[in-house]
Amino acid sequence: MTANATRVLVLNSGSSSVKYQLLDMRDGSRLAAGLVERIGEETSRLAHTPLATGGDKREREARIADHEEALKAVADELSADGLGLDSPELAAIGHRVVHGGLKFTEPTVIDDAVLQEIERLVPVAPLHNPANITGIRTAQALRPDLPQVAVFDTAFHTTMPEHAARYAIDVETADAHRIRRYGFHGTSHAYVSRKTAELLGKAPEDVNVIVLHLGNGASASAVAGGRCVDTSMGLTPLEGLVMGTRSGDIDPAVVFHLKRVAGMDADEIDVLLNKKSGLIGLCGDNDMREIRRRIDEGDQRAALAFDIYIHRLKKYIGAYSAVLGRVDAVAFTAGVGENAAPVREAAVKGLEELGLAVDADLNSVRSDEARLISPEYARVAVAVVPTDEELEIANQTYALVSN
Ligand code: AMP
């Protein structure tokens with residue numbers, strides 16, 4: 001790596017999309033960001049924002065057949081801004097990889113053995129890891145000389161003790177099929193728990209934090225002294241909180257019931273629980289803004305969906321208070337957590353005995369900054385901490401390659 005190689009390209013490859021950001025690691029600033037959507041469909045869409053030059057967002061619609069074409073299109077956009085992938089200033093490419101199993105506890109420079117291991121995990125992450133692998137291979141073909149780093153969504157959760165990570169099912173069956181709780185959104189939980197400690201003016205080792213990552217996907221984690229000790233997502237991202245389209249926790253017997261009584265097969269049940277449940281299943285909307293608007297108009301279905309969402313959230317706050325023993329802060333993050341003041345207010349209401357309270361004025365402030373929203377007297381700090389998974393991936397990638 002040359003001394004002036006200070007840029008990192010972050011790639012988040014989904015099955016039909018690629019999100020990207022190019023960052024300058026001297027100050028963490030963003031030079032460019034964009035998204036390729038609907039890869040492989042009739043009309044794909046590329047939206048690119050050249051942040052370094054302050055230029056306007058450029059959008060184009062045309063068929064982009066596969067990830068290779070998508071990445072080439074991204075490379076062309078970057079080149080047009082003088083930020084091409086061939087630049088000696090590019091230090092590495094950081095890839096978000098959803099499932100790292102138990103093996104990958106840290107960001108890892110990708111070689112053939114690492115790729116094979118990510119491939120071996122496809123059975124436990126059939127929707128995500130194949131897309132991540134495609135993204136990696138394509139980026140490798142474009143810049144074979146450049147270090148490519150995998151940053152795993154599961155890594156932060158590998159510190160969970162066995163009693164939190166294991167399901168109470170037959171051990172031989174569980175081990176034979178690698179069935180256990182892995183947790184996801186780890187990059188966000190790591191970043192937000194660290195930022196929360198910073199906000200309190202303390203070292204991460206000295207604080208216990210409950211992180212509530214509430215986006216379209218949602219998960220909670222209990223972080224003791226900077227280490228994750230429990231998290232709400234499990235073998236897959238389906239477990240835990242009520243989400244935009246996922247059910248979160250249900251009695252597993254619901255699955256047998258749907259099969260035996262409703263005659264649904266495994267794929268249909270998978271779609272029902274992952275795509276047609278949660279808020280959208282309960283009231284037909286998964287956007288919290290729309291749900292709040294409907295509640296304001298007196299819509300009962302939207303109100304019930306909101307109450308179910310909040311009830312589950314409170315149960316996890318209570319459970320993780322018990323898991324941690326002492327809680328210093330509860331941090332709200334992601335689309336809903338950062339923006340929906342009514343969700344924050346409702347989630348904490350009635351939990352005064354646990355030391356939790358929200359100041360109505362502070363809670364109503366809109367800001368991109370990390371901030372406290374609890375009154376001074378509260379025993380537990382309540383914080384809003386905007387997450388930044390791309391910056392965290394870039395930081396971890398750069399730390400690894402610049403050593
Ligand atoms: P994420 O997955 O973190 O991008 O979060 C996306 C979700 O955040 C959306 O589906 C909305 O439910 C929610 N969201 C975004 N902006 C707002 C807002 N201003 N108020 C309430 N909810 C919001």
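Both counts, for ligands and for their atoms, begin at 1 and track the order of listing. Numbers here are sequence positions counted from 1.
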Just say parallel, tilted or perpendicular for the rings of Tyr316 and Tyr320, cut-offs at 30° and 60°. perpendicular

Run the salt-bridge test on Glu345 and Lys349 with the 4.0 Å N-O cut-off and return the result as yes or no. no

In terms of the angle between their ring planes, are Tyr182 and His99 parallel, tilted or perpendicular, with boundaries placed at 30° and 60°? perpendicular

Any salt bridge (charged side-chain N to carboxylate O under 4.0 Å, His left out) involving residues 250-279? Give me the pairs, sequence neighbours left out, ordered by first then second residue. none

Taking NZ, NE, NH1 and NH2 as the nitrogens, is one of them in Arg63 or Glu69 under 4.0 Å from a carboxylate oxygen of the other? no

Around ligand 1, what residues show up once you keep those with a heavy atom under 4.0 Å from it? Gly215, Asn216, Asn286, Asp287, Met288, Arg289, Ala334, Gly335, Val336, Asn339, Ala340, Arg366

Could you go through the side chain to side chain donor-acceptor pair (under 3.5 Å) check for Ser188 and His213 one step at a time? CA-CA 8 Å; Ser188 177; His213 177 112; 2.8 Å; yes

